[in-house]
Each structure stands twice: as C-alpha cells, then as structure tokens.
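Proteins get letters first, then strands, A, B, ... in listed order; numbering begins at 1 in each.
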Amino acid sequence: MAENMTDIKSVEEKCKKLWEKEGVYRFNPKTKKKIYSIDTPPPTVSGRMHIGHAFSYSQSDFIARFMRMNGNEVFYPFGTDDNGLPTERLVEKSKGVKSKDMPREEFIKMCMNFLKEELPVFVQDWKNIGISCDWNLRYSTIDDESRKISQWSFLDLYKKKRVYRKDAPAMWCPECRTGVAQVEVQDKEINSFFNDIIFKIGKENVKVATTRPELLPACVAVFYHPEDERYKKYKGKNARVPLFNFEVPVKEDKRVDRKKGTGIVMCCTFGDQTDMEWQKAYNLPIKMAISANGKMTSIAGKYSDKNIKEARKEIIEDLKNAGLLTSSVPIKHFVNVHERCGTEIEFVKSKQWFVKYLDLKSDLLKWGKELNWHPEFMKHRYDNWVKGLQWDWLISNQRYFGVPFPIWYCKDCDEVILAKENQLPVEPTMDKLPVSKCPKCNSKNIIPETDVLNTWFTSSMSPQLATRSVKDESLKKKLFPMSLRPQAHEIISFWLFNTMVKSRLHFGKNPWKDVAISGFVTLKGEKMSKSKGNVISPQEVLEKYGADALRYWAASSKLGEDFDYQEKDLVTGKKLVTKLLNASRFIFMNLDGYKGEKPKKLEPLDDLFLKRLNSIVKSSTENFSSYEYSKAKSDIENFFWKDFCDNYLELIKKRIYKGEKDKKLSAQYTLHKSLLIILKLFAPIIPFITEEIYQEHYRKNEKINSIHLTEWPEFEKEKDSSDFDLLINNLSFIRQEKSKRHIPLNAPIKQFTTPDSKIILKNYKEDFESASGAESINQGNFHTQFAEDNA
RNA sequence: GGUCCUAUAGUCCAACGGCUAAGAUAUCUCGUUUACACCGAGAAGACCAAGGUUCGAUUCCUUGUAGGACCACCA
C-alpha cells in the first residue's frame, strides 16, 4: 500500500480508472431516489486550473459526495466556458494572430481546433483533484446545443420584449473593437497629466483643467458649480475652445466639484459618464471625437485618423506653443479599462442590443431573498449590485468567435427578422434566410447580424446548459430549479445575478434553491493574482502532496471565508493520509482470519467506543447537511486520530494480540466496523485513500463497487459515553507522571490510585491495565507508585 | 464615497454570553512500544482599543484602529 508519493500517485491513477470504468458518478435517470442537482459554473478556458478553482470546486465536491452517499441521486454535470472573447484572446495570444486580420470563418475554425486540443488537458486538472462530476454530462458553452439554447434565449426575450436595440453611447473597447458591459470594466491606476488649458470667455482667459485634451474638438459646453463665486459672472456667455476655435455655452451644474482642477470643467461627448448625463440633461449636441477603432474622427481636423495617445501628445504640444497651456502636472488617477485587455474604455455611439432589466430592481431584490444563501451575508453583495445598476445589460459584441445573434435586418426598413426556432443553432452570415423578403416592406435586401452575443448571455443559461441532455420532461422538472449553485464570491455580481435574470425572465422561477459561496485563497492576506505574481500552482501542490492532501487543505476553510495559503497545511493533510494507511494496516494485520462474525457479547470498552463513534456520525451528518464540511472534517479527524488511534487502539492492543476468544472477537468486530464507518465519514473529503482501503479490505464483503456508492453510516440517539473521557483522563494522568519522571510510557506501575477506580475495575480493568501498565488499581486520590519508589 | 467581511499564541485557524479559551504547525523536554519518528507523551505560548448592555462579554451593541473584498466616482 501507499507509503510515499509514487504510491500515492498510483493510488490516484487506480481510483480514477476505477471510477471511470465502473461509472461511479454516473447519473441514473431512472432513479427512485431524491435528486440533488448541482449547477457548477463552468470554468473559463484560459490557461490551466488555478488554486482558487481547486479550492472552490473541492468544496462543492465535498457536498456532492456527501449527498450522493446520503441517499440522493446526484446530478452533477461539468461544463467549460469556452465561448466568446476570452477564448478569442487566448487563441490570439497563443497563436500570435489577430482575429480582425483574417476571414471570420478561418478564425472561428482556428478557435474550434484550439479548443479541441486544449479542453482535455484543461478538464484533466479537475479530474485529478477528484471532482465527482458525471463526465458524460459534459458541456461546452460554444457547442451546438449551447448555441441553440443561447439563441432560443434571445428569441424568447425578443418575443417577451425584453431585448431592444438602440443607438446609444456604449462603453467601447478600442483594442477589442467591441461594446463592453458594465461588468467587464475594471479600474486601473494610470499615469497622466492634469492640464490647465485656456478658454476665452469674451476677452477674459479662463483656465479649464483636463486630463484629456484630445477631446477638445468634441467639447459642447463648459460647466461650473452654481455657487462658485469665481465664475457666476460668466453665466449665459460663450466660451471659445482653444485650437479648434469654436464657441460653446457656459453652464452651471451641481455635479461640478469646485475643488477639483480649476472648478471649471469641459463637457465633451463622450468623455465619461457625467458628460453623457449632461448631454442628456441639457440636450447638448453629440460630437464624436473618437471612432470605433480608437482613432480621432474628422472633427479633430488635422489630428484626425491619429490614435488617441498621439493626438493627445500633439495637441498638448500645440497648446504649449500657442501659450494656451498654463500648467501640466503629472498625476496618477483611476480610469476604467476593459478587464480582458486593460485598454482604456471609451464611450462610442453605436447600435447595440440590450436586455432590459433596470425596471426589475425591486423584483430582483425579492428573488434574491428567496435563495438560501450559505453563508447568509453573501446576499449583501447581490443586493448591492442590484441597487447599483445603472445600465441595461449590453449583450452584443462586435467579435467573431461566439454565439451569433439569430437575426437578420431588412436593409431598407431596418425590420428585425428572427430565425425560426427549428432553425437553431443558426449562423446568419451563412445559413438560409427564414423568409424570402422583408415581411414589412417586401424588400429582398436582407442582411445578417454579424455581432455575436456576449459570453455572459450564454453562460447565464447554465441551469439549462447543464440539463440540456435530459429529454424526459418529468425528469427535467425535477432538475429545475436546481438544488445548489456553488461558486466563488467575486462572480456574484455577474454570473449569479445574470443567471437569476435569465431564469426569472424565461421561466418565472429562481434557478436554484441553495447557493454556496466559497471564499478565495490568499497569500499573506492578499488575493492571489497573476499580476501580483503571488500565485501557487495547484498542479505543483498535487505533484508534491497528492489530491487528498489538497482537498484536505480546501476542507479546512468554511464556506465564504478567505483562507491564507500555508504549505504546512498540505503537510498535515498528507500526514493524515499516511496515518489512515498505517492504522488500517495495523487493524488488518490483527484481523487475520476474521470473517465478520459478531461476538456473543460486546466488551464494555468496545461498546463504549461505538457509542462515541455514533455521536461523531450524528454530528458529521448534521454538519455536512448544512454545508459545514470544515466542522465535520475537523471532528472526524480529531476522533480518528485522538480517540481511535491514540487511545482506543492502545487500550485494546493486548486484548487483540492475546485475548481470550470472545474478548478478542469483540475487539476485532469493533475495529472492522468502526474503521469502515470512519472511512465513510472521511470519503467526501479524501476520496482517494478511503477508496483504496475500501477496495483492498471491504469491497468483497460489502459487495458495492466503490466506497462512494455505499450508504452513509446511520446513527442512533446519542447515548452516554462519558466513561471514555474518564478513561482517557486517567491514562493521561499516568502518562504525565511518567513523562515528568522520564520513565518510558510502557513501564509498569506498581500501584495506581484513582478516584475512578470503581468504574475502571468494574468494566475496563484488563484494557486499562494493559494500556497503562498499572499492576494494581485502588481507590483514592490520583497517585502513581513505581517500583523504584519503594526504596 | 457606499456596502460587506475579518481582527484570538511566531504562523494558520476554532469556540451556544458562563468551568482551565480548542486544534494544526513551529519551539522546548522526554519516550524507540509486535501500525506509524510522516509517531507518542508532556511543557510553554493568544482574545486589536475604548465605551456600553449584563450578575457575568473573547462572544452582543456603539465608536475607533488595522487588514481585505465588492461597488461607485475620478474634469
């Protein structure tokens, strides 16, 4: 059996093969059991599994495995999110290409081929840590079935009037050349200059501070605060924009911060969100200085066609030369960047599709309340996100690789033409039109939508993606809403939220009953991230300590709690695995010839120990049921190591070596039985080693193919087992005395006096004597008398 | 700026308002016993601060301090 890493590796390989061959985790659609269904968010295919994945997916797996053993038929599919922008970026990076430089079709092909190669490697990491998904229920968010569901979702929302297309300023990434949703935007601190630029109002010079002088050609007004005494006199006047030499109105607005810059701000459509609010509020003209490809537009005059940074530099230079720049101070400030590529976000006016949900805020709060949150406080994150929503959900991306919109437009009257449901999945750029002419104007001039749906639009259908292979309607009903959504907390605001939106809009139901939110792994208190360079590779941990140790480590942290990574926790996990092996070896060494027979009468100590075990089964069952796997883990571990190995085994050692027939049998029976129960309790956390021991010693008798398919141990009403503590107290006293006097722990004691002598002598005399070395036990205060004390 | 989480031995963490504050790891001492030195026994070591509620607070409340996260703003 396994004693070192090579053996642990071979145990892992053996188990993985067995599980696959025997279909241990396969969902049985014909089951009579209660169904427990899990909607794990499919991980994004971008490089390898990281430690946060290992942490959070292990935690879900503890629950899945417990539920499976505890009488449920577990529906636990595995998906990969390999759709859209993240995959495009990954392919572009690893193949050194740019999607926009090649034909659409060719790039899509390249992505698909890339995924075909990478997916098995990617998924293998999850198998390696022992995730007990049904690997036959695999799905990818870009495959045909998922496209179908995603496109159906769009058609359904269209019919429900929940999607709309609008020409609107939308957040735009000039690098990716696509619209960007609120959730895809991040903060980034950048170095910039705060420039004081001279505008002319009448004959006076007025300084306006800006970090973005390249937007001067798009200036439509300047604002000051209505209570700012410095500028009140300019009310109603016009200001002349430097270099570009046109006039804009001077206006007052409370949104101006008097303390910032010079207290006068220029409003350019579309510099930032406030600019857009002002544009709307004062009905200002719309001027676009930046185009969709990140270049200056024609209104920038001689700067047109230059990219943003060049234009900024040249304009600053020209202002300086004209004496219109009074100061230029370097500052650090935060800007919005596209999280996928780090490029600064611009606002560009274009036609985009949106899902309308701003009107549902109060409903969304109500629906969020209906979920059972574990831990409860994570609900706040959801609530905060909902309350802070300002935009409808932008779902169109101007990209190649993704699920296409299932629509065409009439070029003459702009009518939207929907695909037929039985056409799905559809590729409008290639597939046949559902109509021969525009139903509204009879034009034959029909063009396909070339945009693709945003990744989240598809992945927010995860309950439907997960259950898509189930065709039986009555079974489907049992699977949805799903029992559990496990996930990490940083994706509450989009994945969980968007899935809620879709589920309610399509089906009028919550997508799940329970939500279990994992914390994340920190290193010295900080979140691990590639950019900080403080990442731990789970593959290396696995190599060094094995999957059980990794899972043991993940089980040390409660749901929702961040957990600081310490290598020594892995060491502890590995030690536990070794200890289990050693204890099993000892037990089966002494079970030679034992055939599972029951003694006529249990020895009092054995009976006492089984009572103890019963109470651990009870508490672990309760803890696992309420997703408190970390509590269960530490209880079981403590019981196994302290009560079972250090004390019970010591107490019965002599009896099992050379006890009388029935007394020995009683110990053998107890050992055989309790080890199996302990293995079962540990099985959800450390599935490999428990399986190994089970296969070797129990499978033949139990006649069940895998420990993970055996029934969770039952428990009875709790019974008094306080004698066990009493025995340990007495042993402990003796050990302490021996330790104080530097006497070997197995040394005999001439006489031991204890206040508990009656109980010990009545029921546990021989076992206690053999473990303590006491030659006689008498009533009295705690005292030990050794042979040499006689002198 | 808003919201949330956390604060306990060197480190990582646990504990219905009530006995000596648990465990892991590191440290020190002892032990080589027919499973295990990846072991056993023992020792030493901690409740962020100030108020409040209470017979009693590490635990509940308030404020502060520190760390972290999410969101918003950022001319």
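Counting distance only, with no hydrogens placed and no angle test, the side-chain atoms of A:Lys574 and the base atoms of B:C38 include no donor-acceptor pair under 3.5 Å.
Applying the Watson-Crick and G-U wobble criteria (two distances, each under 3.5 Å), B:U59 pairs with nothing in any strand. In this structure, B:C4 and B:G68 make a Watson-Crick or G-U wobble pair, each of the two defining distances being under 3.5 angstrom. Using Watson-Crick or G-U wobble geometry with both donor-acceptor distances under 3.5 Å, B:U20 finds no partner in any strand shown.
Between A:Asp725 and A:Arg612 there is a salt bridge, since at least one side-chain N of the basic residue sits less than 4.0 Å from a carboxylate O of the acidic one. Classification of A:Glu346 and A:Arg212 as a salt-bridged pair holds, one side-chain N sitting under 4.0 Å from a carboxylate O. Look at A:Asp383 and A:Lys387 and you find no salt bridge, because none of the NZ, NE, NH1 or NH2 atoms lies under 4.0 Å from a carboxylate O.
Contacts of A:Val208 with the nucleic acid, taken as non-hydrogen atoms under 4.0 Å apart, are absent. At a threshold of 4.0 angstrom between heavy atoms, the contacts of A:Met266 with the nucleic acid are absent. Backbone-only contact: A:Phe194 has heavy atoms under 4.0 Å from sugar-phosphate atoms and none from a base.
Separation of the C1' atoms belonging to B:G45 and B:A9 is 5 Å when rounded to the nearest angstrom.
A cation-pi arrangement is not found for A:Lys260 relative to A:Phe194, the charged atom failing to lie both closer than 6.0 Å to the ring centre and inside a 45° cone about the ring normal.
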